[in-house]
Asker: 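Provided herewith is a single structure, encoded as structure tokens, for subsequent inquiry.
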Amino acid sequence: MDLNQSVSENYANPKTCIFHVLFKAGALAFYILSTLFVDNFVIVFVVTVVLAALDFWVVKNVSGRILVGLRWWNEINDDGESIWKFESLDQQSLARMNKKDSWLFWWTLYLTAAAWIVLGIFSIIRFELDYVLVVGVCLSLSVANIIGFTKCHKDAKKQIQAFATQTIASRFSSTLQSAFSVV
């Protein structure tokens with residue numbers, strides 16, 4: 001990598017990448033610093049959870065769509081069953097997605113959850129079980145995004161495979177039809 005290159009030359013969406021990382025880092029940094037320097041659990045809980053919720057929303061609705069071309073949501077039908085809904089770009093658009101944007105998206109998604117797990121372990125070791133609640137809420141938001149985007153990514157791959165199979169089958173049948181129509 002050329003040291004004279006700017007970050008914007010490496011990433012297709014540098015502003016989205018910055019905000020994607022900024023919200024995650026903000027929640028983690030506030031939690032870590034506030035547990036060291038603030039004695040008020042309510043402030044730590046509220047601000048950390050609000051920052052994690054903002055991160056959840058930004059990842060789910062903005063950076064997921066822009067950086068990897070995926071979006072998910074969950075609905076509850078009239079019978080009370082949970083139904084996952086997935087949206088992805090078409091196959092040509094997904095193929096054109098920037099690899100560095102995608103790499104940043106997936107790695108920060110998993111590393112953030114790992115960081116919350118480590119912080120939860122430290123809270124348990126320090127016998128600060130009230131802080132385990134904060135970590136649990138933040139971890140559940142991170143894991144929800146991991147599950148949603150992983151399922152969405154698998155669904156997008158299935159759609160691409162189905163499209164490819166359908167295209168091959170239709171071309172094969174049209175080739176057969178044209179071969180028999182010539183005879």
Asker: If you define the side chain from C-beta out and look only at heavy atoms, does anything of Cys17 sit under 4.5 Å from Asp101?
Answerer: yes
Asker: Quick one: do Leu67 and Tyr110 end up in the same hydrophobic cluster if we chain Ile, Leu, Val, Met, Phe, Trp and Tyr together by side-chain heavy atoms under 4.5 Å apart?
Answerer: yes
Asker: Do Ile66 and Ile18 share a hydrophobic cluster, counting only Ile, Leu, Val, Met, Phe, Trp and Tyr and linking them when any side-chain heavy atoms are less than 4.5 Å apart?
Answerer: no
Asker: Rounded to the nearest 0.5 Å, what's the gap from CG on Asn10 to CG on Leu104? Could you check?
Answerer: 11.5 Å
Asker: Could you tell me the separation between the CG atom of Asp55 and the OG atom of Ser142, rounded to the nearest 0.5 Å?
Answerer: 6.0 Å
Asker: Do the side chain of Asn77 and the main chain of Asp79 share a donor and acceptor less than 3.5 angstrom apart?
Answerer: yes
Asker: Answer yes or no: are there more than 12 heavy-atom neighbours, outside Phe19 itself, under 6.0 Å from its atom CZ?
Answerer: no
Asker: In terms of hydrophobic clusters joined by side-chain contacts under 4.5 Å, are Leu54 and Phe56 together?
Answerer: yes
Asker: For Val137, does its backbone N or O pair with a side-chain atom of Ser140 as donor and acceptor, under 3.5 Å?
Answerer: yes
Asker: Check Ala113 against Ile146 and note the closest heavy-atom contact, atom names and distance.
Answerer: CB-CD1, 3.6 Å
Asker: Are Ile125 and Val44 joined in one hydrophobic group, where the rule is that I, L, V, M, F, W and Y side chains link up if heavy atoms are under 4.5 Å apart?
Answerer: yes
Asker: Please state whether the rings of Phe41 and Phe45 are parallel, tilted or perpendicular, taking 30° and 60° as the class boundaries.
Answerer: tilted
Asker: Any donor and acceptor pair, going by atom type alone, linking the side chain of Thr150 with main-chain N or O of Ile147 inside 3.5 Å?
Answerer: no
Asker: Can you tell if the side chain of Leu119 reaches within under 4.5 Å of the side chain of Leu139, non-hydrogen atoms only?
Answerer: no
Asker: Give the minimum heavy-atom separation between Asn74 and Ser82, together with the two atoms involved.
Answerer: OD1-OG, 2.7 Å
Asker: Could you tell me whether the side chain of Lys24 reaches within less than 4.5 Å of the side chain of Leu111, counting heavy atoms only?
Answerer: no
Asker: Taking all atoms of both residues into account, what is the closest heavy-atom pair of Leu51 and Gly26, and its distance?
Answerer: CD1-O, 3.6 Å
Asker: Could you report the tightest heavy-atom contact between Ala52 and Ala27, atom names first, then the distance?
Answerer: N-CB, 3.9 Å
Asker: Could you give me the CA-CA distance, side-chain angles and deciding distance for Val58 and Leu22, then say whether side-chain contact (heavy atoms from CB on, under 4.5 Å) is met?
Answerer: CA-CA 10 Å; Val58 166; Leu22 188 66; over 6 Å; no
Asker: Looking only at the aromatic ring of each residue, does the gap between the centers of Phe23 and Trp57 stay below 6.0 angstrom?
Answerer: no
Asker: Apply side-chain contact (heavy atoms from CB on, under 4.5 Å) to Glu128 and Phe122, showing your working.
Answerer: CA-CA 9 Å; Glu128 292 180 336; Phe122 283 140; over 6 Å; no
Asker: Cluster question for you: counting only ILVMFWY and a side-chain heavy-atom cut-off of under 4.5 Å, with indirect links fine, are Ile32 and Leu141 together?
Answerer: yes
Asker: Answer whether the closest heavy-atom distance between the side chains of Trp116 and Val143 falls below 4.5 Å.
Answerer: no
Asker: Measuring from atom CG of Asp39 to atom OG1 of Thr35, what distance do you get when rounded to the nearest 0.5 angstrom?
Answerer: 10.5 Å
Asker: Taking it one step at a time, do Val62 and His20 satisfy side-chain contact (heavy atoms from CB on, under 4.5 Å)?
Answerer: CA-CA 9 Å; Val62 179; His20 178 75; over 6 Å; no
Asker: Identify the heavy atoms of Gly64 and Phe105 that sit nearest to each other, and give their distance.
Answerer: CA-CE1, 3.6 Å
Asker: What pair of heavy atoms forms the shortest contact from Tyr31 to Ser123, and how long is it?
Answerer: OH-OG, 3.0 Å
Asker: With no hydrogens and no angle check, just 3.5 Å: does a side-chain donor-acceptor pair link Tyr131 and Thr48?
Answerer: no
